[in-house]
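Everything below concerns the one structure shown next.
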Amino acid sequence: MNKGKKLYEGKAKIIYQTNDKGLVIQHFKDDATAFNALKKANIEGKGVLNNRISEYLLNTLAQCGIETHLVKRLNMREQLIKQVEIIPVEFVIRNIATGSLTKRLGISEGTVLNKPLLEYYLKNDELDDPLISKEHIYSFEWANEQEIQAIDKMSLRINDILQGVFRGVGIKLIDFKLEYGRTWNKDKEVNEIILADEISPDTCRLWDIKTDKKLDKDRFRKDLGNLIEAYQDVARRLGIMPEEMNISEVNFGKTASIKFKKK
Ligand code: TMP
Ligand code: ASP
């Protein structure tokens with residue numbers, strides 16, 4: 001399998017063609033952005049950690065029967081994935097109120113929601129990813145009713161699984177964002193919706209169960225510092241990073257020297 005030309009570059013990832021039909025390479029960059037790229041930084045090692053954490057979470061979901069785009073992790077920064085047509089909607093699932101929900105609707109920070117709240121945002125940086133309703137999705141044919149029904153069901157199942165995974169390692173899953181894509185299933189001769197993109201501390205809010213310490217990209221959004229240490233803490237708790245690894249000893253510029261625990 002050869003790496004071909006760049007097909008797409010997003011804020012945190014790059015997609016490359018391969019000579020395998022239907023498969024592409026997803027490369028995790030160290031770039032961090034917030035507020036639709038108004039705030040930018042390069043945080044050494046972030047891409048390596050997100051690649052590994054996302055691989056672990058997507059594999060865990062696959063073991064529970066969720067279809068995902070992940071074929072396999074190739075190296076420290078790259079994954080082989082199925083090429084999909086991304087649905088231009090960001091699917092947000094919330095368990096506890098924080099972030100834009102508290103700002104937009106005046107809900108108190110930390111309110112435990114009586115059931116998971118599903119929200120839809122249009123994936124459009126120029127428009128600042130506006131909140132949309134299902135009716136917008138149907139009206140503009142970003143997805144049909146059957147697809148959204150399937151996605152809602154999958155998102156709630158993913159929430160249940162991930163809440164369990166994180167609770168087991170002392171972390172509360174506050175909220176997170178998912179993206180889905182369509183792919184052609186040649187056996188069934190239908191378009192299938194599968195989970196795409198990534199699930200990592202960039203796309204989730206993760207708080208320590210006891211202290212509510214933020215272990216996610218809010219450390220960058222809110223200038224709390226120590227982002228890499230927090231992401232490493234998540235990886236370590238998930239059992240995918242050697243306990244003895246100390247951030248001060250890690251030179252992420254030489255990423256080949258980092259060894260992850262094999263599960
Ligand atoms: P929000 O409270 O800012 O709307 O974010 C909700 C969740 O979605 C949070 O876990 C962060 C994640 N998210 C992304 O992954 N990408 C984005 O562009 C935004 C705005 C949020
Ligand atoms: N991902 C968005 C950005 O790059 C927003 C965010 O995650 O806060 O600006």
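Read the numbers this way: they start at 1 and go in the same order the structure lists the ligands and their atoms.
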If you count the atoms of ligand 1 from 1 in the order shown, which ones are under 4.0 Å from a heavy atom of [X]?
X: Gly99; result: 2 (O)
X: Cys204; result: 10 (O)
X: Asp129; result: 18 (O)
X: Phe176; result: 10 (O)

Original post:
For the side chain of Glu147 and the backbone of Asn144, is there at least one donor-acceptor N/O pair under 3.5 Å apart?
Top reply: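 Looks like yes, one N/O pair under 3.5 Å.
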For the residue pair [X] and [Y], establish whether any side-chain heavy-atom pair is separated by less than 4.5 Å.
X: Val84; Y: Val24; answer: no
X: Arg182; Y: Ile87; answer: yes
X: Leu117; Y: Ile93; answer: no

Subject >> Cation-aromatic face contact Lys172/Trp207, 6.0 Å, 45 degrees >> reply: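 Verdict for Trp207: no cation-pi partner in Lys172.
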Original post:
What is the closest protein heavy atom to atom 7 (C) of ligand 1, and at what distance does it sit?
Top reply: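 Residue, atom and distance for the closest contact: Asp175 OD1, 3.7 Å.
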Original post:
How far is atom 15 (O) of ligand 1 from its nearest protein heavy atom, and which residue and atom is that?
Top reply: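 Residue, atom and distance for the closest contact: Lys177 CE, 3.1 Å.
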Original post:
Do any nitrogen or oxygen atoms of Arg221 lie less than 3.5 angstrom from nitrogen or oxygen atoms of ligand 1?
Top reply: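 There is no such contact.
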If you look only at distance, which donor and acceptor atoms sit under 3.5 Å apart when one is on a side chain in residues 194-201 and the other is two or more places apart or in another chain?
from, atom 1, to, atom 2, distance (Å)
Asp197, OD1, Lys13, NZ, 2.8
Asp197, OD2, Lys177, NZ, 3.2
Glu198, OE1, Ser200, OG, 2.6
Glu198, OE2, Lys13, NZ, 2.7
Ser200, OG, Asp202, N, 3.1

Original post:
Is there a heavy atom of Arg94 sitting under 4.0 angstrom from any atom of ligand 1?
Top reply: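 Distance cut 4.0 Å: Arg94 passes for ligand 1.
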Subject >> Close residues, ligand 2: non-hydrogen atom nearer than 4.0 Å >> reply: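 Residues near ligand 2: Lys11, Thr33, Ala34, Phe35, Asn36, Ala37, Lys217, Arg221.
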Subject >> Nearest neighbour of atom 5 (O) of ligand 1 from the list Arg205, Glu90, Lys217, Glu198, on a heavy-atom basis >> reply: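 It is Arg205 whose heavy atom sits nearest to atom 5 (O) of ligand 1.
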Original post:
Out of Ala34, Ser100, Ala37, Ala12, who gets a non-hydrogen atom closest to atom 1 (P) of ligand 1?
Top reply: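 Ranked by closest heavy atom to atom 1 (P) of ligand 1, first place is Ser100.
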**OP:** Could you state whether Val190 and Ile193 fall into the same hydrophobic cluster, counting links through intermediate Ile, Leu, Val, Met, Phe, Trp or Tyr residues with side-chain heavy atoms under 4.5 angstrom apart?
**Re:**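 No, separate clusters.
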Original post:
Should Tyr180 and Leu70 be counted in the same cluster of Ile, Leu, Val, Met, Phe, Trp and Tyr side chains packed under 4.5 Å apart?
Top reply: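 Yes, same cluster.
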**OP:** Classify the contact between Glu119 and ligand 1 as side chain, backbone, both or neither, using a heavy-atom distance cut-off of under 4.0 Å.
**Re:**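 No part of Glu119 is near ligand 1 at this cut-off.
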**OP:** Under 4.0 Å, heavy atoms only, figure out whether ligand 1 is touched by the backbone of Asp216, its side chain, both or neither.
**Re:**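 For Asp216, no heavy atom sits under 4.0 Å from ligand 1.
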Subject >> Summary of salt bridge (charged side-chain N to carboxylate O under 4.0 Å, His left out) pairs that have at least one residue in residues 124-134, sequence neighbours excluded >> reply: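 As it turns out, the salt bridge (charged side-chain N to carboxylate O under 4.0 Å, His left out) pairs with a partner in residues 124-134, which skip direct neighbours, are Lys11-Asp125, Lys134-Asp152.
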Subject >> Under the ring-ring contact (aromatic ring centres under 6.0 Å, His included) test, residues paired with Tyr16 that sit two or more places apart >> reply: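 For Tyr16, no residue satisfies ring-ring contact (aromatic ring centres under 6.0 Å, His included) once neighbours in sequence are set aside.
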Subject >> Verify atom 20 (C) of ligand 1: protein non-hydrogen atom under 4.0 angstrom away >> reply: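 Not a single protein heavy atom is under 4.0 Å away.
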Subject >> Electrostatic pair Asp208-Lys213, nearest N-O below 4.0 angstrom >> reply: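 So Asp208 does not pair with Lys213 through a salt bridge.
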Subject >> Salt bridge flag under 4.0 Å for residues Glu189 and Lys186 >> reply: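 Result for this pair is no, no salt bridge flagged.
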